[in-house]
*Asks:* 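Sharing a structure, written as structure tokens. Questions coming.
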Amino acid sequence: MKLTNLLLGVTPAIFLPLLSSFAGQFSDSSSEFSASSERLPVQELPFKVSASIRGGYDSNPTTASGVTFRDPSTGSVIFEDKEQGSFFTGANVDFSKSFGSPRTNFELGLGAGITYYFDLPDDDVDYTLDLRTSFSHAVTPRLSLSGNFNIGYQIEPDYTNTEVVTRPGRNGQYLFGNAGLSAAYQWTTRFSTVTSYRVSGVLYELSAVGQVDDRIDQTFGQAFRFLVRPTTTLVAEYRYGMVSYESDSERDYTSHYILGGVDHSFSPRLSSSLRAGVQIVDGASNASSEPYAEASLNYLYGPSSNLKVFANYGFDSSSRATESSSNTSLRTGFTITHGISAKLSANVGGYYSHRDESSSMGASTTENLLNATAGLTYNISRNWFTSLQYSYSTLDSGSELRDYDRHLTFLSVGTSF
């Protein structure tokens with residue numbers, strides 16, 4: 001498939017530098033060991049590990065609508081999309097490592113998890129797997145390179161990932177990935193450019209979902225940055241995007257983004273970014289100009305407390321079951337992590353998306369998705385913690401068969417070292 005082939009093609013470009021650095025690091029550490037073995041800190045692992053087990057209750061793990069259709073003459077059930085709550089248990093493990101030099105930095109992570117539902121007759125086991133890499137390298141004092149590669153396998157929708165927008169609710173296991181490369185060059189003390197390429201994709205196991213949503217998104221970008229003040233940078237940016245659907249090439253389209261914006265640091269702890277402009281869409285069934293905007297804010301307001309906010313508005317490439325002449329969405333969300341004490345912290349998050357779709361035949365639909373989370377984490381000791389988490393999600397799409405409500409509560413115990 002195009003998605004798999006593209007991800008495999010991008011992988012070597014990301015991993016070859018990693019492998020070379022691993023090999024060099026292994027060679028250097030072997031030499032140090034043979035010369036002076038006591039220099040190796042045997043009490044510490046060369047990577048970070050975290051593992052946890054959890055258990056809880058899910059009011060609607062299949063995100064069923066709860067709708068029942070009956071024969072009006074007999075009253076017998078024709079179709080029932082029944083909600084069925086279930087207790088569940090699961091486990092997760094994650095490995096991560098950072099390494100490099102003053103000029104080069106690498107990050108590598110690998111995670112896996114499993115969840116078992118006690119009360120579901122079918123599909124009672126979920127699996128997750130994710131691989132994360134990133135690097136940055138200062139080629140010269142003026143030129144720097146950076147990149148990332150992330151690929152995952154899961155069943156839950158990812159509300160915070162703005163690069164791989166997935167369908168609301170649980171629609172079977174799916175593979176997703178994104179990768180990017182960028183080169184930044186400092187032409188003068190005030191003027192710099194950033195050239196970038198990003199690719200993302202999603203591939204569902206269920207063919208009925210995949211025929212609509214399997215796709216690849218590619219974006220080429222060129223940004224021009226001008227430092228007007230030590231804390232303020234003005235940005236002019238052009239992007240060229242291509243979206244290719246796996247099962248229906250007639251829905252493929254390209255986009256031209258013409259954007260202006262600003263990056264501003266209010267203080268060493270508070271920074272923001274804004275881009276706004278126009279997105280010109282060109283496809284077999286879509287030819288339109290839509291406003292486009294994206295914004296983010298990061299605020300580190302305490303030693304263990306931070307706030308992150310993001311928002312995005314533009315043409316929507318996901319969940320287009322029909323040919324549409326306009327399909328725009330607003331996505332916004334926030335996360336707050338607050339340190340209550342040295343051992344106790346709280347987290348709150350929210351995500352909201354609003355999508356409007358209108359067809360060339362005059363039909364229109366509106367979709368609203370809300371997800372809210374809250375939790376407490378207590379550090380039992382330096383390496384052990386326990387956490388209580390709650391989340392609520394609801395979808396209002398105008399279609400009874402798609403709408404759902406879901407409550408999820410769980411308690412977990414874990415370790416990290």
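The figures that follow rest on heavy atoms only: side chains count, while hydrogens, waters and symmetry mates do not. Numbering of residues begins at 1 and proceeds along the displayed sequence.
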*Asks:* Would the distance check show the side chain of Asp252 and the main-chain N or O of Tyr245 forming a donor-acceptor pair, the cut-off being under 3.5 Å?
*Replies:*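 Present.
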*Asks:* Where the side chain of Glu290 meets the backbone of Val281, is there a donor-acceptor pair that is under 3.5 Å apart?
*Replies:*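 Judged by distance alone, no pair lies under 3.5 Å.
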*Asks:* Looking at residues at least two apart in the chain, or sitting in another chain, which of them share a side chain to side chain contact (heavy atoms under 4.5 Å, CB included) with Ala112?
*Replies:*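 Listed in chain order: Val93, Leu129.
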*Asks:* Below 4.5 Å, heavy atoms only, C-beta onward: do Asn178 and Arg198 meet side chain to side chain?
*Replies:*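 Yes, at least one pair of side-chain atoms sits under 4.5 Å.
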*Asks:* Taking the side chain as everything from C-beta on, heavy atoms only, tell me whether Ile340 gets closer than 4.5 Å to Leu376.
*Replies:*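 Side-chain contact under 4.5 Å: yes.
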*Asks:* Which value, rounded to the nearest 0.5 Å, describes the distance between Tyr299 atom OH and Leu270 atom CG?
*Replies:*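 One finds 6.5 Å between OH of Tyr299 and CG of Leu270.
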*Asks:* Leu274: which residues meet the side chain to side chain contact (heavy atoms under 4.5 Å, CB included) condition with it, sequence neighbours left out?
*Replies:*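 With sequence neighbours excluded, Leu274 shows a side chain to side chain contact (heavy atoms under 4.5 Å, CB included) to Val262, Ala295, given in chain and number order.
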*Asks:* Give me the atom names and distance for the closest heavy-atom approach of Asn92 to Gly113.
*Replies:*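 The answer is ND2-CA, 3.7 Å.
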*Asks:* Identify, with sequence neighbours excluded, every residue that meets side chain to side chain contact (heavy atoms under 4.5 Å, CB included) alongside Thr219.
*Replies:*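 If we apply the side chain to side chain contact (heavy atoms under 4.5 Å, CB included) test to Thr219, skipping adjacent residues, the hits are Arg239.
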*Asks:* Which heavy atom of Ala223 sits nearest to which heavy atom of Val235, and what is that distance?
*Replies:*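 Smallest interatomic distance, heavy atoms only, reads CB-CG1, 4.3 Å.
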*Asks:* Answer with yes or no whether the side chains of Ser182 and Ser146 bring together a donor and an acceptor at under 3.5 Å.
*Replies:*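 Side chains of Ser146 and Ser182: pair found under 3.5 Å.
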*Asks:* Please report the C-alpha distance between Asp405 and Asn60 in whole Å, then the side-chain angles of each, then the deciding distance to 0.1 Å, and finally whether the side-chain contact (heavy atoms from CB on, under 4.5 Å) criterion is met.
*Replies:* CA-CA 7 Å; Asp405 291 286; Asn60 189 9; 5.8 Å; no
*Asks:* Looking at side-chain heavy atoms only, is the closest gap between Ile336 and Tyr301 below 4.5 Å?
*Replies:*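 When only atoms from C-beta onward are counted, Tyr301 and Ile336 do touch, with a gap below 4.5 Å.
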*Asks:* Please find out if less than 6.0 Å separates the ring center of Phe191 from that of Phe226.
*Replies:*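 No, the ring of Phe191 stays outside the 6.0 Å limit from the ring of Phe226, centre to centre.
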*Asks:* As an exercise, state the distance from CZ of Arg54 to OG of Ser387, rounded to the nearest 0.5 Å.
*Replies:*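 Here the rounded value is 11.0 Å.
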*Asks:* Determine whether Ser86 and Asp58 satisfy the following criterion, side-chain hydrogen bond (donor to acceptor under 3.5 Å, both in side chains), listing intermediate values before the conclusion.
*Replies:* CA-CA 5 Å; Ser86 175; Asp58 191 334; over 6 Å; no
*Asks:* Is the backbone of Gly169 close enough, under 3.5 Å, to the side chain of Tyr404 for a donor and an acceptor to pair up by distance?
*Replies:*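 Flag set: sc Tyr404 to bb Gly169 pair under 3.5 Å.
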*Asks:* Mind telling me whether Tyr116 and Phe118 have parallel, tilted or perpendicular rings, with 30° and 60° as the class edges?
*Replies:*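 Ring orientation, 0 to 90° scale: perpendicular.
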*Asks:* Please report the interatomic distance NZ(Lys308) to CG(Leu297), rounded to the nearest 0.5 Å.
*Replies:*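 Result: 11.5 Å between the selected atoms.
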*Asks:* Ring-plane angle category for His407 and Tyr392, please: parallel below 30°, perpendicular beyond 60°, tilted otherwise.
*Replies:*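 It falls in the tilted class, 30° to 60°.
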*Asks:* Can you tell me how far the CG atom of Leu395 sits from the OG atom of Ser353, to the nearest 0.5 Å?
*Replies:*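 One gets 8.0 Å once the value is rounded to the nearest 0.5 Å.
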*Asks:* Shortest non-hydrogen contact from Tyr174 to Asp158?
*Replies:*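 Closest pair (atom of Tyr174, atom of Asp158, distance): OH-N, 3.7 Å.
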*Asks:* Give a yes-or-no answer on whether the side chains of Asp130 and Gln154 include a donor-acceptor pair shorter than 3.5 Å.
*Replies:*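 Side-chain D/A pair, Asp130 to Gln154: absent.
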*Asks:* With heavy-atom distances below 4.5 Å as the criterion, would you say the side chains of Glu156 and Thr128 are in contact?
*Replies:*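 No, their side chains stay 4.5 Å or more apart.
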*Asks:* If only atom types and distance count, is the side chain of Arg406 paired as donor or acceptor with the main-chain N or O of Ser59 below 3.5 Å?
*Replies:*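 Checking the backbone N and O of Ser59 against the side chain of Arg406, no donor-acceptor pair under 3.5 Å is found.
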*Asks:* Could you check whether Asn347 and Thr337, counting side-chain N and O atoms only, form a donor-acceptor pair closer than 3.5 Å?
*Replies:*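 Result is no, nothing qualifies.
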*Asks:* Mark yes or no for whether Arg225, through its side chain, and Thr233, through its backbone, hold a donor-acceptor pair below 3.5 Å.
*Replies:*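 No, Arg225 side chain to Thr233 backbone: no donor-acceptor pair under 3.5 Å.
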*Asks:* I need the minimum non-hydrogen distance between Phe385 and Ser52, along with the two atoms involved.
*Replies:*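 Minimum heavy-atom separation between Phe385 and Ser52: CZ-CB, 4.5 Å.
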*Asks:* As an exercise, state the distance from CG of Asn105 to NE2 of His137, rounded to the nearest 0.5 Å.
*Replies:*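 Between atom CG of Asn105 and atom NE2 of His137 there are 12.0 Å.
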*Asks:* If you take all heavy atoms of His354 and Asp356, which pair is closest and at what distance?
*Replies:*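 Nearest pair, atom of His354 first, then Asp356: NE2-OD2, 3.0 Å.
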*Asks:* Kindly determine whether Thr365 and Glu367 satisfy side-chain contact (heavy atoms from CB on, under 4.5 Å), including the steps that lead there.
*Replies:* CA-CA 7 Å; Thr365 59; Glu367 178 181 280; over 6 Å; no
*Asks:* Test of understanding: with ring pair (Phe, Tyr, Trp, His ring centres under 6.0 Å), list the residues that count as partners of Phe95, not counting sequence neighbours.
*Replies:*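 Testing Phe95 for ring pair (Phe, Tyr, Trp, His ring centres under 6.0 Å), a comparison that skips the adjacent residues, returns Phe47.
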*Asks:* Find the distance between CG (Asn379) and OG1 (Thr386) and round it off to the nearest 0.5 Å.
*Replies:*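 Between atom CG of Asn379 and atom OG1 of Thr386 there are 10.0 Å.
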*Asks:* Return yes if a side-chain donor-acceptor contact under 3.5 Å exists between Ser329 and Arg331, otherwise no.
*Replies:*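 Result is yes, a qualifying pair exists.
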*Asks:* Side chains of Asn150 and Phe176: closer than 4.5 Å at any heavy-atom pair?
*Replies:*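 Side-chain contact under 4.5 Å: no.
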*Asks:* Would a distance-only check, ignoring hydrogens and angles, find a side-chain to backbone donor-acceptor pair under 3.5 Å from Arg251 to Val212?
*Replies:*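 Pair found, side chain donor or acceptor close to backbone of Val212.
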*Asks:* Taking the side chain as C-beta and beyond, is there a heavy-atom pair between Arg132 and Asp94 under 4.5 Å?
*Replies:*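 Counting from C-beta outward, Arg132 and Asp94 do come under 4.5 Å.
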*Asks:* Quick check: do Phe310 and Tyr351 have side-chain heavy atoms less than 4.5 Å from each other?
*Replies:*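 When only atoms from C-beta onward are counted, Tyr351 and Phe310 do touch, with a gap below 4.5 Å.
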*Asks:* Would Glu205 and Tyr153 satisfy side-chain contact (heavy atoms from CB on, under 4.5 Å), going step by step from the backbone distance to the final call?
*Replies:* CA-CA 10 Å; Glu205 282 191 356; Tyr153 178 73; 2.4 Å; yes
*Asks:* Is any NZ, NE, NH1 or NH2 atom of the basic residue among Arg215 and Glu246 found under 4.0 Å from an Asp or Glu carboxylate oxygen of the other?
*Replies:*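 Salt bridge: no.
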*Asks:* With a 3.5 Å cut-off and sequence neighbours excluded, list the donor-acceptor pairs that the side chains of residues 409-417 form with protein atoms.
*Replies:*
residue: Thr415; atom: OG1; partner: Asn383; partner atom: O; Å: 2.9

*Asks:* Over all heavy atoms of both residues, which pair between Gly375 and Gln389 is shortest? Give the atoms and the distance, please.
*Replies:*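 Closest heavy-atom pair between Gly375 and Gln389: CA-OE1, 3.4 Å.
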*Asks:* Please examine the side chains of Leu175 and Ile151, heavy atoms only from C-beta on, and report whether any two atoms are closer than 4.5 Å.
*Replies:*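 Yes, at least one pair of side-chain atoms sits under 4.5 Å.
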*Asks:* Take Asp403 and Thr394 through the test side-chain contact (heavy atoms from CB on, under 4.5 Å) and record every step on the way to the result.
*Replies:* CA-CA 7 Å; Asp403 297 349; Thr394 181; over 6 Å; no
*Asks:* Excluding sequence neighbours, so at least two apart, what forms side chain to side chain contact (heavy atoms under 4.5 Å, CB included) with Phe220?
*Replies:*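 Result, side chain to side chain contact (heavy atoms under 4.5 Å, CB included) vs Phe220: Tyr197, Tyr240, Met242.
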*Asks:* Any sub-3.5 Å donor-acceptor pair from Gln84's side-chain atoms to Asp119's backbone N or O?
*Replies:*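 Side chain of Gln84 to backbone of Asp119: a pair is present.
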*Asks:* Would you call the rings of Trp187 and Tyr185 parallel, tilted or perpendicular, where under 30° means parallel and over 60° means perpendicular?
*Replies:*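 Trp187 vs Tyr185 ring planes: perpendicular.
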